[in-house]
Number of protein chains: 2
Amino acid sequence: MEALAHPRQRRKQARPAELTAAALELFVEKGFAATRLDDVAARAGVSKGTLYLYFDGKDALFKAVIQEGIVPILEAGAGLVDTFEGGSAELLRTLIREWWQRIGSSALGGVPKLMISEARNFPELAAYYNEAVITRGRELMRRVLRRGIERGEFRAVDVETAIDVIFAPVLMLLIWRYSLGACGCGGHDPESYLDTHLDIALRGLATGEAT
Amino acid sequence: MEALAHPRQRRKQARPAELTAAALELFVEKGFAATRLDDVAARAGVSKGTLYLYFDGKDALFKAVIQEGIVPILEAGAGLVDTFEGGSAELLRTLIREWWQRIGSSALGGVPKLMISEARNFPELAAYYNEAVITRGRELMRRVLRRGIERGEFRAVDVETAIDVIFAPVLMLLIWRYSLGACGCGGHDPESYLDTHLDIALRGLATGEAT
DNA sequence: CTCAAGTTACTGACCGGTCAGTCAGTATCT
DNA sequence: AGATACTGACTGACCGGTCAGTAACTTGAG
């Protein structure tokens, strides 16, 4: 109400962002349940009490990490799909490569595995993630596949199923990387893995001949 | 040394099997870290102390679950691949459907998600699983793909990558089922999901025309 | 057959360590 | 002297693993 009366009260309000950054790192490293708030605080250079000045608790901290990190990227993806001009195969390629750039190979890359791991033990977080991320992500894939089918570029596969079938290898690449892949169990070069996947999938989707 | 002197000392030595069955259920339900040994014991109808008569601790219990449950199934799979006569596309279909029957839709279905979730926090268990399960499973897929390429049925894709690209949607189906899918976040009918996947993948692999 | 001694199978209270969340207190501004 | 930002010791609940004790069964001497 009268808050505007203070001309110079916040010097460096980057504090919450530092906290969510530290939390993201540790959630990805250890999982949600196994991350200690003491460690999050220590990594951000504050004490545990300070955490509670900015977030109501562990759950709220988690939601803030997702909201800040992933939601804006999905919005950018929607922009891409809306304005893209060109073949739908090319759009699918671009969307998946963009996703790999912005999420897969960034600090956010561990989030899908994190959610899969913790969903059953923290159903409220799962519901939040489903609504904030998964539903919106599927909507992007849906638009691309429908576009391709309408334009006669893709066969008339079952769209709702194909969304997940086609995105699955991309997710698995990431999930692997942040689970058994991190234990020296061998992995793949992301570039050639995505190439092989898109090669097989786009050829499998195509109506007539390739591009 | 003189143990053979007792003619009738064991009546029902099914105890360890009951314990691993209870452990499998709870590991799949809650994860490895979040499962309490008290609960495993209670579900098997014994006390926690009894668990330690049969297993050295939580880790050993876990390894016994995998060894008993999954390793024999992989051996059966190797038999199938060795003796199969017919098209390689058909073999791939059969192998994946068999896997879905014996593992995917059984009580063991939660194991892949379990391992992915816990691998980083329990690297020793991950190493065991990698050696006992993943390496052998990949070997099966490798043989099928090589067979198809050698017989001119499949294109000469990069086999090591294709193994994982093709198996990824099958794994994701299961992973989903035991993570967000268990929180009412929507899922797929396994039959039509596998159909869609095999349709796209086999068409993407094929050299000339379909079967 | 009887009963004590020995053996096996099992129990559950307990210990030591962990961690989310609390809050009385300190420090640094205005 | 009051407001704001932050601290870290503390609490209560939790759980893997331990172990002294109990119960049930077997053996064999009398």
Side-chain angles (χ1 to χ4, degrees), chain A residues 1-20 22-23 25-27 29-65 114 117-118 121-125, chain B residues 1-23 25-27 29-65 114 118 121-125:
Chain A
M1 300 84 187
E2 72 302 334
L4 300 183
H6 316 273
R8 179 50 33 98
Q9 98 202 45
R10 324 194 164 281
R11 288 145 313 162
K12 49 154 191 170
Q13 210 47 312
R15 189 81 337 153
E18 287 163 17
L19 295 175
T20 53
E25 282 176 28
L26 281 160
F27 286 157
E29 237 169 75
K30 314 260 197 192
F32 178 75
T35 292
R36 288 171 294 136
L37 291 185
D38 272 314
D39 288 348
V40 174
R43 185 164 301 198
V46 300
S47 76
K48 188 166 57 167
T50 303
L51 233 47
Y52 283 83
L53 297 176
Y54 294 98
F55 303 98
D56 283 347
K58 219 184 184 188
D59 287 26
L61 180 59
F62 179 88
K63 289 181 187 175
V65 167
L114 170 63
S117 299
E118 309 286 1
N121 288 335
F122 301 92
E124 195 207 312
L125 299 185
Chain B
M1 294 86 185
E2 72 303 334
L4 300 184
H6 317 276
R8 176 53 28 101
Q9 94 202 51
R10 326 197 161 281
R11 286 146 314 162
K12 50 155 195 173
Q13 211 46 314
R15 192 68 354 141
E18 287 162 18
L19 295 176
T20 52
E25 281 176 29
L26 281 160
F27 286 158
E29 236 169 75
K30 315 261 196 191
F32 179 75
T35 291
R36 287 171 293 136
L37 291 185
D38 273 313
D39 287 349
V40 174
R43 185 164 300 199
V46 299
S47 75
K48 188 166 59 168
T50 304
L51 233 47
Y52 283 83
L53 298 176
Y54 293 99
F55 304 98
D56 284 346
K58 218 183 185 187
D59 287 25
L61 180 59
F62 179 87
K63 288 181 186 174
V65 167
L114 171 63
E118 309 286 359
N121 288 335
F122 301 93
E124 195 207 313
L125 298 185

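Atoms considered below: every heavy atom in the structure, side chains included; atoms not considered: hydrogens, waters and symmetry mates. We name chains A, B, ... by the order of the sequence lines, and we start the count at 1 in each one.
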When you get a sec, tell me which of [options] is the closest nucleotide to the side chain of [X]?
| X | options | answer |
| --- | --- | --- |
| A:Tyr52 | D:dT7, C:dA20, D:dC14 | C:dA20 |
| A:Lys48 | C:dT22, D:dC15, D:dC6 | C:dT22 |
| A:Leu53 | C:dA20, D:dT7, C:dT11 | D:dT7 |
| A:Val46 | D:dT7, C:dA20, D:dC15 | D:dT7 |
| A:Ser47 | D:dT7, C:dC10, C:dG21 | D:dT7 |

Interatomic distance where [atom1] belongs to [X] and [atom2] belongs to [N] [whole Å]:
| X | N | atom1 | atom2 | result |
| --- | --- | --- | --- | --- |
| B:Phe55 | D:dG17 | CZ | C1' | 16 Å |
| A:Leu19 | D:dC6 | CG | C1' | 12 Å |
| B:Asp56 | D:dT18 | CG | P | 9 Å |
| A:Leu61 | C:dG21 | CG | P | 10 Å |
| B:Phe122 | D:dG16 | CZ | P | 10 Å |
| A:Leu37 | D:dT11 | CG | P | 20 Å |
| B:Leu51 | D:dG17 | CG | P | 10 Å |
| B:Arg36 | D:dG17 | CZ | C1' | 15 Å |

Query raised in the report: Is the shortest heavy-atom distance from the side chain of B:Phe32 to the side chain of B:Asn121 under 4.5 Å?
Result: no
Query raised in the report: Does a side-chain N or O from A:Tyr54 land closer than 4.0 Å to OP1 or OP2 of D:dC6, or not?
Result: yes
Requested in this report: Flag yes if more than 12 heavy atoms outside B:Asp56 fall under 6.0 Å of its CG atom; otherwise flag no.
Outcome: no
Query - Neighbour count above 12 (heavy atom, 6.0 Å) for A:Lys63 NZ - result: yes
Report summary line: To the nearest 0.5 Å, atom CG of B:Asp39 lies from atom CZ of B:Arg36 at 4.0 Å
Query raised in the report: Between the side chain of B:Thr20 and the main-chain N/O of B:Ala64, is any donor-acceptor distance below 3.5 Å?
Result: no
Report task. Give a yes or no on whether a donor-acceptor pair under 3.5 Å exists between the nucleobase atoms of C:dG21, that is its base, and the side chain of A:Lys58. Result -> no
Query raised in the report: If you pin A:Phe32 and A:Gly49 to their nearest nucleotides in DNA chain C, which one's is more 5'?
Result: A:Phe32
